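Some notes on the structure that comes next.
Treat the numbers as computed from the prediction; the structure is a model and nothing was measured. Sequence lines set the chain letters: A, B, ... in the order given, protein chains first and strands last, and positions in each chain run from 1. Quick note: numbers below take in every heavy atom, side chains included, and nothing from hydrogens, waters or symmetry partners.
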Amino acid sequence: MKLTVVLLLVGLLSASARTMSQTVTFTGRNVSLGKVFKAIETQTGYSIFANKGLLKDVKPVTIAARNMPVADFLETVLRDQPIGYEIQSHTIFIKEKPAPSAPAAAAIPSPPIPPPVTITGTVTGADGLPLQGATVSVKGAHTVVTTDEKGRFTLEAGAGETLLVSFVGYQTRTVQVKGRTSIDIVLEKMQAELNEVVVTALGIKRQVKALTYNVQEVDGAEVNKVKDANFVNSLNGKVAGVTINSSSSGIGGSARVVMRGAKSLFGNNNALYVVDGVPLPDLSSTQPGDVFSGAGASGDGISNINPEDIASISVLTGPAAAALYGSQAANGVILITTKKGAAGRLNISVSNNSSFFSPFVLPKFQNRYGSDPGSYTSWGDSLATPSTYKPADFFQTGTNLTNTLSLSTGTDKNQTYFSAASVNATGIIPNNKLTRYNFNARNTSSFLDDKLNLDLSLMYIDGQEQNMLSQGQYFNALIPVYLFPRGDDIRKYQVYERYDPTRNFKTQFWPFGDEGFQMQNPYWIVNRDFFNNDKKRYVFSTALKYNIAPWLNITGRAKLDNNNTVAEKKYDASTSGLFASPAGAYYNNNATTQQLYADVLLNVNKTFFHDYSLVANLGSSYLDTRFSSIGYGGNLLSVPNLFNFANVNPALATPTQDGYHDQIQSVFGSVELGYRNSLFINATGRNDWASALVNTTARSIFYPSVGASAVLSELLGFHSHTFSFVKVRGSYSEVGNPPQRFVTIESYPIIGGFPSTSSYLPATGLQPERTKSYEAGLNFKFLRNTLSLDLTAYQSSTYNQLFNPALAPSTGYGSFYINAGEVSNKGIEAALGVNEHFGRLGWNATATLSLNRNKIVKLLTNYTDKTTGQTVSVDSLSVGGTGSYMEALVKGGSIGDIYVTTLQADGHGYIDVGSVTQSVTAAPNTYIKAGNASPRYNIGFRNSFDYRNFNLSFLVLARIGGVGVSITQAIMDGFGVSQASAIAREQGGALINGYRIPAESYYSVVGGGVAGVGSRYVYSATNVRLGEASFGYNFPASFFHKKIQGISISAVGRNLFMFYNKAPFDPESTANTGTYYQGIDYFMQPSLRSIGFNVKVQF
Amino acid sequence: MTTIHPILRSSFAGVLLLLAAACTKNFRDYNTNPNGATQQMLQDDNLATGVFFSQMEQNVFPTAQQPAFGDEMYQEVQNLAGDVYSGYMGASDNWFGGANNTTYSMTPSWYGQAFGRAFLGVMPAWLSIKRNVGTDPSLRHIYALAQIIKVESIHRTTDMYGPLPYFKFGSGSLTTPYDAQQDIYSSFFDDLDSAIAVLTDYVSRNPNSKPLANYDLIYGGDYVKWIKFANSLKLRLAMRLAYANPSLAQKNAEEAVGNSYGVFTSNADNAFLQSADGVNIHNPLQIICFNFNDIRMGANMESFLNGYKDPRIGYLFNKAPDGKYHGIRNGISITNISAYTTPFSTLNVASTSSIPWMSAAEIYFLRAEGAVRGWNMQGTAQSLYETGIQTHFTDLGAGSASAYILDSTSKPAVYVDPANAGNNVNSGATLSTVTIHWKEGDPLETRLERILTQKWLSVYPDGQEAWSEYRRTRYPKVFPVVVNNSGGLINTATQIRRLPFPQSEYQSNSAGVQSGVSQLGGPDNGGTKLWWDKKP
């Protein structure tokens, strides 16, 4: 297969090697015109078409030309010939010489018409990107040309004439020539225009009206307005059908992006990211799934993209849109188009974003009751004066300074874009840091008179993460901070290390011990236990496109994405013995992910019989992913704080090695037939050969999709000002997923040098998982496009699920793999847009609504065991939890259902209260359903107002429904530090069965954390917040006498205010960006409220 | 007019090559986990038949390390259960605000772990050996050894939980019914008898052969020692049934002692796990005591060893900073952890200390008890009792026990908690008064208490076995918990009798665990007695 790729690249590059010029060098005396034409063809790559009849009267020519432009050359050789010519794209048509103008013209005495001059120029959008296919015409004349891929045009017009420039989706402009020969025209987007084009799968641009599925586009500027270190968080509320939860690991953390509901019970449910047509590797780190982990988190691959490099984002929420990407895209795709250089003058922009962070939602604490000496609980006497201890004081003001420089310049043939960005951030927890440098260089050039386009880009990312904490007991300073005994003085422990005469250096001062929560001095944790990730990533990509004919081109792309992460853990001497020896501990893990993607794509775009159009693509792709990681580490043996392998105790060291190699080879194609530009049918097909399919029943996976769309307003002719546009669409698609790698070939893990038995039952006879989905949609535009409404209803069914249920230990296996289970999702995506001007006041608003209903139709039904012949059905399965909180899959329920333990109660529901103990008892094995972690509805409401150069915008995010469990609150209650525990004491106890029982004994049972009672800590996750707001002013170029092009300044904020939230944590924040372990707060880092400023200067 | 054609051609050639060359022949390689051994590889050196012994042996007492699990596993399986319930050790930490196993607020993430070690660690390895041996008669000796280790593991597990999903294990079914402890115990005797017969036969034919020398971490493949181990284990299991089924107990005990190879008679027979054959084993207790700072000498140990002026005390524990030995009582309220870590005695254990499975001393005490009960144990109760003590002294390197054996006055000392007088045990029914010197004329219960007390001292640090014998006999007297957070489920005076079934079984094997609860004959909590727990 490697050979094929090389051949592919050689094949494509061989074309570029024979670079053609558009000038002619030719010397000859009395040579035939045929020879001259041959020379033109050889030297320029142009094709010459001539009717033989035309050539019968031609004479031999005598000419000497050196590097003469082809047009001039032709002009010279044909000057005395009876024939003329016309150049269209790369073809020269020889034709009859036009008849000389009628002499009558000379008879009219009028000012002489200035001779036409050749005008060249470019047409670009306001974002600087070239517009291909824009028409440029001379007003009142017949000259009409269209722009090429670089937005360039060449035409002839008189110096005093006016050009008309138009492009679908943009406002038509008139430009006076005024004697210029080079004119660059910028077109403003027409708001809510009907002929918009969007980027779809594989980077193919499609007309919106032709789409049979829902594609939502977000402008690059929209994610830069109120910037987040991970731009994905800025998409929240701006697209329908997507649920975005940001990781609780703080600045630069990952995001959980689930489109149209979770489909796969055991696979990945996060969206696929595609940059410039090429899928990105996942690069997500292990997510915390128990009460311990969560320290040393890391952002995923997409989070380290520089948002300033993004030109636009297309969100394909449904699998129909993504069918062309195969299995990777079953969960929807976020397509990112990055910026490239534009022809014209040098554009430089420099921007700065400064943000300041504080905790957004904190639990409520008490400071009225103290603690018994030496005790870490606050169940002591009422304090004479309330404690001044404030857990919130532990947090510092986080900052993020992002500076970006971008530069764009170019000529007709060659454009360059360069950007550099730095992110320097500190979190709200001391010593949490994120540093990132992004460099991006991109060059686009065209050869062979624009027949061949080469696009090269190199992206380099250097990132450092330090102490990213999402949740959990290990190394979580929030636990000792929140629970700190109210009778004590935290200042005593702020000096976290003291001189130890026996050891002759300073050791941790923490007289309390770990309290069962692996607690240490919180100031020690943040100053002496370090988790550092050092990431270096480069992405090299190249695309070569050859325009075979105006309606036919072939594109080849290759992308190499190489990511290296060195993760180090350094625990200083006297860190808790659970994590380190007295000398400390050191771990170092080096992981490399290398992904090579290559594809070739043949694109056809042709109109025929006037009314019919055909857009077709045929291609093949190759995706090869290799991962390897090696690690070593353990407790230090002798020298304290010497973090080096040589100092690691070899007897207790843990060497680790991991690796895999996946490959998918694919062929795919799509056909779209259009009628009168208002009725479209579409079909796609893709076949994947995946390495993970070895030993399954399938050799490959086929994904078909079909769809149709009709612009009713045009077809039925009721287009009016009221009904500007009405379109209906529908599609059906199937996508699949190969099983997890390795599971079909049994292997025995090596532990301590000896093989041990596999933790899963060997998988035999697996089939690929499949998702069938239907969607139907309506797109309306009313009142001259002022109002728009997009509605999509969808239904999907994922069956043959690659089920990996946990088995009871009594089976001897931790889990097994089988095709079973069916999950259905149905829902509605709606977006309502308003775009109106009231004089100088412009108002632009979008409301999005997402509604998804997920149902586990079946789990394992009548599975016949091959060894026993026994028939088994599984109707419920635990997929993890903490004891008092559990996520379970239950037939008839939904993915994300949360179950919690209860108090022991009698048959009538009365809670058992011990007659002697006066306390309640937990029922650790009795689970009741608390609800579901997913929202019932997500609503985003974005408003933007423009007045002169002022701009005000805000985004309200509402999430309705769903629940979350706060173990944080439970444990705080158990330790008597919560406001609730103080109120219960003041009221004489906790209210049970209508009576009050002693608060301490009650909370010691229900607030036991993992052993506590989950049902007492279920909170509604419904919340409404002011998600984003910005207020800015643009200083126009005129303000600076055009010395600079403009400055825009704005004040921005994220997570500014909760209008409604009843949970003691931010329900939109999640510690785990995977499928499960949702709706749980286990000392999660609070989400961030940010306030900041943007300054952008354009030169 | 032709220049574009070569380009078009080469481009198309590229597409076609990609289409045609969907060469997937390397896919099998790619999809084979490079981080593990394949079935094919296990055929080399006949690994498949022997290699899983290492896994079995490292899971009886969980000592395997990451990526399997860490020292926390030993802590949860052994240390925060049997080790504290036997009175051997005291917890110096107060997990979950003091509501945890040690105060009878049973912690699900702890009490389920031992179940996993048996059924995810030992039994799958046993099953692999069974399958690889198949019906090949020449490999029966390998399976026989696997059976012995299986019984050694599962008797410890059933002694914690009671009924287990044992006979139908590995049936391939996703749910497994539970079996009554009574039936599990009777299968132990069958399995051991058959293993002893097979190994005896093998040894007689191949006197010097040690086919599993590379994989057996206990005896280096010495089958003669394994036969003695099997007999000794049979004696231990027989004695467990002394109250539940006296006749079965006597029969098996006499068979074991009377076997031609017999039971352990010297410390050279002792079974213990330590680094061998390239497997690096360290003692988790060292980490738990010194790194985790979670465990110390138990209050009962302090009381007995100090009271008896026992020379073994320094071999088992380290002096506290005040130069004395201080143990921690179990089930106490610890509000200030540092008050319980530094001032109390650490365990005298090193990273390289071996992990004992069974010792000759224990076997002598078992025989002494049998003799007291009138069984033929090939010796008098007194001689077996005294030999047991001396054998343990010898094992520790503590010299002669003759003076100690003659001490007829020393009694267990009162217990003083230097950090909290509320935990002191000054007198009363829970403070033992038994002395060391054997008196044949003492009442049966006194003689039993004497034997069991000395056995308790010799079985240290295997708290799991000591807790089982405490439950069976009520000896030695273990201080009850001070704080009982069980919500009335566990009686403070009769103490904890078992561990609840794991939550994972309720979640994934619900019907199975329900059958277990019904065989248990009581609610699934720590207060319900096991089948063999029948002493009136």
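- For the atom pair Tyr660(A) OH and Tyr30(B) OH, the distance stands at 14.5 Å (nearest 0.5 Å).
- With no hydrogens or angles considered, no side-chain donor-acceptor pair links Asn31(B) and Ser691(A) at under 3.5 Å.
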### Message
With side-chain hydrogen bond (donor to acceptor under 3.5 Å, both in side chains) as the criterion, how do Asn33(B) and Arg741(A) come out once you've worked through the C-alpha distance, each side chain's angles and the decisive distance to 0.1 Å?
### Response
CA-CA 8 Å; Asn33(B) 190 344; Arg741(A) 72 179 74 84; over 6 Å; no
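- A donor atom on one side chain and an acceptor atom on the other are found under 3.5 Å apart for Gln55(B) and Thr757(A).
- Ser756(A) touches chain B through backbone and side chain together, each having a heavy atom under 4.5 Å away.
- If you measure heavy-atom distances from Phe816(A) to chain B, the contacts under 4.5 Å come from the side chain alone.
- Between the Ser338(B) side chain and the Pro511(A) main chain, a donor and an acceptor come within less than 3.5 Å of each other.
- Of the two parts of Pro749(A), only the backbone, made up of N, CA, C and O, holds a non-hydrogen atom closer than 4.5 Å to a non-hydrogen atom of chain B.
- Contact annotation for Asn293(B): neither backbone nor side-chain heavy atoms come within less than 4.5 Å of a heavy atom of chain A.
- In this structure, the portion of Phe512(A) lying under 4.5 Å from any heavy atom of chain B is its backbone and not its side chain.
- Ile287(B) touches chain A through its side chain: at least one heavy atom from C-beta onward sits under 4.5 Å away, while N, CA, C and O do not.
- Ring centroid separation for the pair Tyr927(A) and Tyr506(B) does not come in under the 6.0 Å cut-off.
- A donor-acceptor contact closer than 3.5 angstrom links the side chains of Asn94(B) and Glu515(A).
- Heavy atoms closer than 4.5 Å to chain B are found in both the backbone and the side chain of Ser581(A).
- Of the listed residues (Ala690(A), Pro582(A), Ser576(A), Gly1007(A)), the greatest number of heavy-atom pairs within a distance under 4.5 Å of chain B belongs to Ala690(A).
- In this structure, chain A has a heavy atom under 4.5 Å from the backbone of Asn214(B), while its side chain stays farther away.
- The contact between Thr32(B) and chain A is made by backbone and side chain atoms together, counting heavy-atom distances below 4.5 Å.
- Heavy atoms of Ile334(B) lying under 4.5 Å from chain A are absent altogether.
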